[in-house]
Amino acid sequence: MPTILGQNQYGKAENRVVKITRDGATHHIKDLNVSVALSGDMEEVHYSGSNANCLPTDTTKNTVFAFAKEHGIESAEQFGIHLARHFVTSQEPIKTARIRIEEYAWERIEASDANSQFIGADEVKHSFVRKGQETRLTQITYDGSSWEVISGLKDLVVMNSTNSEFWGYVKDKYTTLKEAYDRILATQVSGRWRFNWTDDEQRMPNWEKSYEQTKKHMLQAFAETYSLSLQQTLYQMGSRIINNRSEIDEVRFSLPNKHHFLVDLEPFGLKNDNEVYYAADRPYGLIEATILRDGCEPRIPVDLTNL
């Protein structure tokens with residue numbers, strides 16, 4: 001039976017690039033993991049092995065490092081936009097470029113009050129500790145005329161030690177879970193949000209400010225929602241972002257419920273008054289949903305946040 005070529009793309013994945021910006025004695029770090037995927041007129045390289053339209057993946061890797069020097073890294077989004085535009089506009093066979101970036105944050109180590117015999121501790125502005133809260137993410141797709149920017153984060157672990165309940169649910173002969181009127185609610189957030197910036201005629205968002213503000217509203221909603229279900233909390237987190245960030249039209253979350261179960265201490269003659277818990281890592285409930293600005297269509301792939 002004859003076969004035909006379906007969707008295809010290629011590129012160099014997981015290019016780790018670290019850019020140090022030296023502002024006198026004060027240094028700044030951008031630490032990215034950049035994956036490039038290109039698609040276009042690539043039938044012949046699959047059918048006959050002709051590489052006439054094929055830009056080597058090694059070249060895409062070199063471009064990532066060269067652009068870190070030539071353009072700097074203002075933000076993950078801006079860096080991805082530079083790369084996507086370059087590949088589509090400089091290579092005629094390339095019709096679409098998708099750039100995926102993970103960003104690993106660093107923070108400056110605070111100096112002590114004591115002076116070092118080699119260098120004054122208050123002068124140290126080049127020492128950093130890797131932040132462990134979350135990994136920042138972005139995906140930029142460009143087809144020569146329009147942009148799609150989906151940013152987000154993963155591995156952000158949050159917890160409310162009270163103000164969470166779970167009761168009134170469906171019960172059948174296999175149900176053993178007891179209703180809870182005061183429980184720990186914890187999750188490891190994987191989230192994506194889609195910007196409504198789609199072409200060069202629009203004003204580009206301030207990517208750094210947008211990320212910090214989006215994360216702030218998300219965390220505030222988690223903290224301030226009296227939760228009757230993780231689904232309710234998820235919806236409030238997404239709604240808070242949509243209502244406060246006009247540049248974002250769609251949010252999708254994947255929230256694993258990091259269960260904390262009260263330990264039975266009665267065999268030891270002790271009463272457990274919501275104090276001692278067993279943290280179970282698996283199996284876990286997995287809550288996923290998309291929140292949209294009214295009138296907008298969903299564009300974030302449902303499997304982009306799947307665990």
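Along the sequence shown, the residues carry numbers beginning at 1. Just so we're clear, the structure is a prediction, and the values are computed from it rather than from any experiment.
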Any chance you could lay out the side-chain contact (heavy atoms from CB on, under 4.5 Å) test for Phe87 and Leu55, step after step, and finish with the verdict? CA-CA 9 Å; Phe87 289 124; Leu55 183 73; 4.0 Å; yes
Considering residues, nucleotides and ligands other than [X], do more than 12 of their heavy atoms fall under 6.0 Å from its [atom1]?
| X | atom1 | answer |
| --- | --- | --- |
| Glu14 | CD | no |
| Tyr277 | OH | yes |
| Asp294 | CG | no |
| Glu275 | CD | yes |
| Gln9 | CD | yes |
| Lys216 | NZ | yes |

If I compare all heavy atoms of [X] with all of [Y], which pair ends up nearest, and what's the gap?
| X | Y | result |
| --- | --- | --- |
| Ala76 | Leu32 | CB-CD2, 4.4 Å |
| Ala280 | Phe261 | CB-CE1, 3.9 Å |
| Gly72 | Lys19 | CA-CE, 4.4 Å |
| Val263 | Asn272 | O-ND2, 2.8 Å |
| Ala97 | Leu38 | CB-CD2, 3.8 Å |
| Ala186 | His260 | CB-CE1, 3.7 Å |

Test side-chain contact (heavy atoms from CB on, under 4.5 Å) on Leu137 and Ile150 and set out the steps. CA-CA 8 Å; Leu137 307 166; Ile150 299 173; over 6 Å; no
Counting N and O atoms only, with roles assigned by atom type, does the side chain of [X] sit under 3.5 Å from a partner on the main chain of [Y], one being a donor and the other an acceptor?
| X | Y | result |
| --- | --- | --- |
| Ser151 | Trp193 | no |
| His259 | Gly285 | yes |
| Arg293 | Ile242 | yes |
| Asn160 | Phe222 | yes |
| Asn53 | Asp41 | yes |
| Arg108 | His27 | yes |
| Tyr169 | Leu177 | yes |
| Glu250 | Ile300 | yes |
| Asn8 | Gly6 | yes |
| Thr63 | Thr59 | yes |

By side-chain hydrogen bond (donor to acceptor under 3.5 Å, both in side chains) - contacts of Asp143 (at least two apart):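 If we apply the side-chain hydrogen bond (donor to acceptor under 3.5 Å, both in side chains) test to Asp143, skipping adjacent residues, the hits are Ser145, Ser146.
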His71 and Phe67 aromatic ring geometry - parallel, tilted or perpendicular at 30°/60° bounds: tilted
Short side-chain donor-acceptor distance under 3.5 Å, Glu288 and Ser254: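 Side chains of Ser254 and Glu288: pair found under 3.5 Å.
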Does the side chain of Ser227 come under 3.5 Å of the side chain of Thr233 through a donor N or O and an acceptor N or O? yes
Side-chain touch [X]/[Y], heavy atoms, less than 4.5 angstrom:
| X | Y | result |
| --- | --- | --- |
| Tyr104 | Arg16 | yes |
| Pro256 | Thr187 | yes |
| Ile73 | Glu103 | no |
| Arg192 | Gln139 | no |
| Ile81 | Glu74 | no |
| Val64 | Lys12 | no |
| Leu265 | Lys271 | no |
| Val157 | Lys258 | yes |

Following the transitive rule for hydrophobic clusters with a side-chain heavy-atom cut-off under 4.5 Å over Ile, Leu, Val, Met, Phe, Trp and Tyr, establish whether [X] and [Y] coincide in one cluster.
| X | Y | result |
| --- | --- | --- |
| Leu234 | Phe166 | no |
| Met218 | Ile287 | yes |
| Leu230 | Leu262 | no |
| Tyr142 | Met204 | yes |
| Leu304 | Leu292 | no |

Gap between atom [atom2] of [Y] and atom [atom1] of [X] - 0.5 Å precision:
| X | Y | atom1 | atom2 | result |
| --- | --- | --- | --- | --- |
| His46 | Thr3 | NE2 | OG1 | 12.0 Å |
| Leu270 | Asp264 | CG | CG | 10.0 Å |
| Ile94 | Ser39 | CD1 | OG | 7.0 Å |
| Arg245 | His217 | CZ | NE2 | 6.0 Å |
| Gln202 | Asn196 | CD | CG | 6.5 Å |

Pair Glu70, His82 - check side-chain contact (heavy atoms from CB on, under 4.5 Å), show working. CA-CA 10 Å; Glu70 293 179 24; His82 283 311; over 6 Å; no
Could Lys171 and Glu179 be called an ion pair, given the rule that one side-chain N must be under 4.0 Å from one carboxylate O?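 Yes, Lys171 and Glu179 are salt-bridged.
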Intermediate values then yes/no, side-chain contact (heavy atoms from CB on, under 4.5 Å), Leu156 and Leu219: CA-CA 10 Å; Leu156 180 64; Leu219 290 177; 3.9 Å; yes
Going by chain and number, the hydrophobic cluster around Leu228 (ILVMFWY, side chain to side chain under 4.5 Å) further includes Trp167, Tyr181, Tyr226
With a cut-off of under 6.0 Å to the ring centre and 45° to the axis, is Lys61 in cation-pi contact with Phe65? no
With Glu208 via salt bridge (Lys or Arg N to Asp or Glu O under 4.0 Å) - residues at least two apart: Lys30, Arg136
Answer with yes or no after comparing the ring centroid distance for Trp207 and Phe195 against a 6.0 Å cut-off, counting only values under it. yes
